[in-house]
There are 2 protein chains.
Amino acid sequence: MTSVKSGSKQDNQFGAKPAANGAHKAAIRQENEEQILAAAERVFADYGFKGATTARIAEIAKVPKANVHYYFSTKEALYRRIMEDVCDHWLEAAMTFDNSADPAVILRGYIEAKMDLSRARPYGSRLWAHEIIRGAKFSSDYISTTVKDWLDTRVGVIRGWIAEGKMDDIEPYSLMYMIFATTQHYADFGRQIEIFNDNQPLSEQQFAEAKENVVRIILKGVGLN
Amino acid sequence: MTSVKSGSKQDNQFGAKPAANGAHKAAIRQENEEQILAAAERVFADYGFKGATTARIAEIAKVPKANVHYYFSTKEALYRRIMEDVCDHWLEAAMTFDNSADPAVILRGYIEAKMDLSRARPYGSRLWAHEIIRGAKFSSDYISTTVKDWLDTRVGVIRGWIAEGKMDDIEPYSLMYMIFATTQHYADFGRQIEIFNDNQPLSEQQFAEAKENVVRIILKGVGLN
DNA sequence: TTTTAACCTGACCAAACGGTCAAGATAAAT
DNA sequence: ATTTATCTTGACCGTTTGGTCAGGTTAAAA
């Protein structure tokens with residue numbers, strides 16, 4: 001939680017020696033943008049686009065509200081920027097679903113990557129949930145191009161596995177929706193799971209076990225053992 | 001879409017003969033409350049509690065905003081009333097998880113009931129999703145008592161099945177979360193599924209197939225065939 | 001040292017917000 | 001026919017909202 005307001009060159013985030021050539025200014029900008037983006041991700045994740053307020057974002061980011069608008073012209077621009085980031089992370093996890101290995105290995109890897117993403121970035125997952133629930137007003141293009149292309153490719157791969165008799169004849173879309181739903185549930189409905197777990201967030205061990213259970217049920221469920 | 005504003009006894013929603021003893025006034029109240037509740041469920045489901053506006057609810061319900069406040073004193077009272085209704089419907093589906101039959105039959109019945117609820121009342125499911133994502137501020141009591149009691153009982157039942165060797169040794173909570181997630185996904189992420197489905201909502205047949213696929217994967221996944 | 005460009009922010013604004021109210025309309029009870 | 005209780009609604013109120021701006025501070029360039 002280093003402050004950027006102190007002004008002294010001695011206590012900026014690079015230590016006593018500020019780098020040459022405007023690096024300090026650039027660092028200030030980066031620091032503030034990150035602070036605002038992190039705060040906005042939380043607030044948008046909690047309340048959705050309409051329910052979120054720039055005042056609350058500023059409060060959590062610990063900057064004056066006017067400063068939020070200095071770095072991001074409008075609430076919508078800020079929202080779009082965060083959506084891009086969320087999509088990038090989703091794509092990263094998506095890439096673990098390659099086509100180079102055994103079906104069980106691939107599916108296991110993808111499920112584990114999505115579970116880990118849920119745990120590492122719950123706010124991103126919740127923000128995505130808000131976005132879809134509201135009707136995907138900002139992201140329907142992204143879904144109907146990038147995501148759909150990705151999904152249809154994987155569906156083709158799964159159909160190949162089925163044709164080769166490597167797994168049961170399960171409609172691949174149903175399977176993929178199930179993986180989406182289950183893995184994201186641990187982020188989106190984390191509060192509910194916490195309440196069921198005697199008001200304690202899942203421990204690392206509990207989460208690891210949950211991950212293994214999800215993998216086991218799905219792999220066995222489609223005939224991949 | 002019968003209007004209640006026409007004033008003539010001849011065209012109220014009961015036809016030419018209004019029932020005796022203040023039935024017309026009662027009917028007006030019921031009609032308006034229903035209209036407002038239906039509109040509010042949609043708006044809250046789209047935007048969550050904070051993001052929803054009473055003006056939008058009034059617009060969809062086709063009544064002046066002041067009339068919304070005549071029937072429901074505050075936005076929060078209206079929200080709570082709808083949450084109660086959503087919970088009631090959830091409990092109804094929950095009751096299909098009895099303890100009187102074969103494990104496979106029970107699980108199948110419960111999954112199908114939850115899938116059907118998702119399809120019949122998507123707004124309720126989405127509203128619930130908002131409520132949990134935001135931290136269950138209004139419903140944590142309900143979850144930590146009614147829902148948790150119900151869940152723990154079913155977990156006990158499942159542990160019994162496992163002890164009797166009727167199914168695989170799967171952590172029952174993981175299984176139940178998977179069922180929650182998958183069945184609700186068809187409501188909460190319905191828009192996303194629609195986009196993947198060439199921008200068409202799932203047909204009755206597609207939905208029936210999805211339901212069967214979900215049942216198949218889960219039952220086989222836990223060793224119930 | 002001076003100038004310039006970037007950063008910072010309290011104060012402000014118009015619009016939208018949840019909620020109120022008085023006055024009128026309608027239907028039930030007397 | 002008159003009274004009473006309920007329903008209806010445009011106008012309004014104080015607060016919160018997203019966004020602006022002038023005037024200041026700070027750091028890099030000249």
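Just so you know, these numbers use all the heavy atoms, side chains as well, and skip hydrogens, waters and symmetry mates. Letters A, B, ... are given to chains in the order of the sequence lines, protein chains preceding strands, and every chain is numbered from 1.
Note on A:Ala58: nothing from the nucleic acid sits closer than 4.0 angstrom, heavy atoms only.
For B:Ala136 against A:Arg191, the heavy-atom pair with the smallest separation is CB-CG, 4.1 Å. Annotation for B:Phe196 and A:Lys148: closest pair O-CE, 3.3 Å, computed over non-hydrogen atoms.
A salt bridge does not link B:Arg80 to B:Glu84: none of the charged side-chain nitrogens sits closer than 4.0 Å to a carboxylate oxygen.
For the side-chain hydrogen bond (donor to acceptor under 3.5 Å, both in side chains) condition, the pairs that include at least one residue of residues 137-147 of chain B, sequence neighbours left out, are B:Glu131-B:Ser139.
Contacts between residues 70-77 of chain B and DNA chain C, defined by a heavy-atom separation under 4.0 Å, are made by B:Thr74, B:Lys75.
Between B:Arg29 and D:dC7, a side-chain N or O to OP1/OP2 separation shorter than 4.0 Å is present. Proximity of A:Lys50 to the phosphate of C:dC17: a side-chain N or O atom is located under 4.0 Å from OP1 or OP2. One finds a side-chain N or O of B:Asn32 lying less than 4.0 angstrom from the OP1 or OP2 phosphate oxygen of D:dT8.
A donor and an acceptor atom, one from each side chain of A:Tyr173 and A:Asp152, are located under 3.5 Å apart.
Remark: B:Arg81 fails to qualify as a cation-pi partner of B:Phe72 under the 6.0 Å distance and 45° angle criteria applied to the six-membered ring.
Look at CD1 on A:Ile28: it is 10 Å from C1' on C:dC8, rounded to the nearest Å. What separates NE2 of A:His69 from C1' of D:dG18 is a distance of 5 Å, to the nearest Å. D:dG18 atom P lies 9 Å from atom CZ of A:Phe49, rounded to whole Å. The separation between A:Lys65 atom NZ and D:dT16 atom C1' is 9 Å, rounded to whole Å.
Below 30°, between 30° and 60°, or above 60°: for B:Tyr177 and B:Phe180 the angle between ring planes is between 30° and 60°, a tilted geometry.
Across the helix from C:dT1-D:dA30 to C:dT30-D:dA1, the helix axis at one end is tilted relative to the axis at the other end by 0° (nearest 10 degrees, each axis from five pairs).
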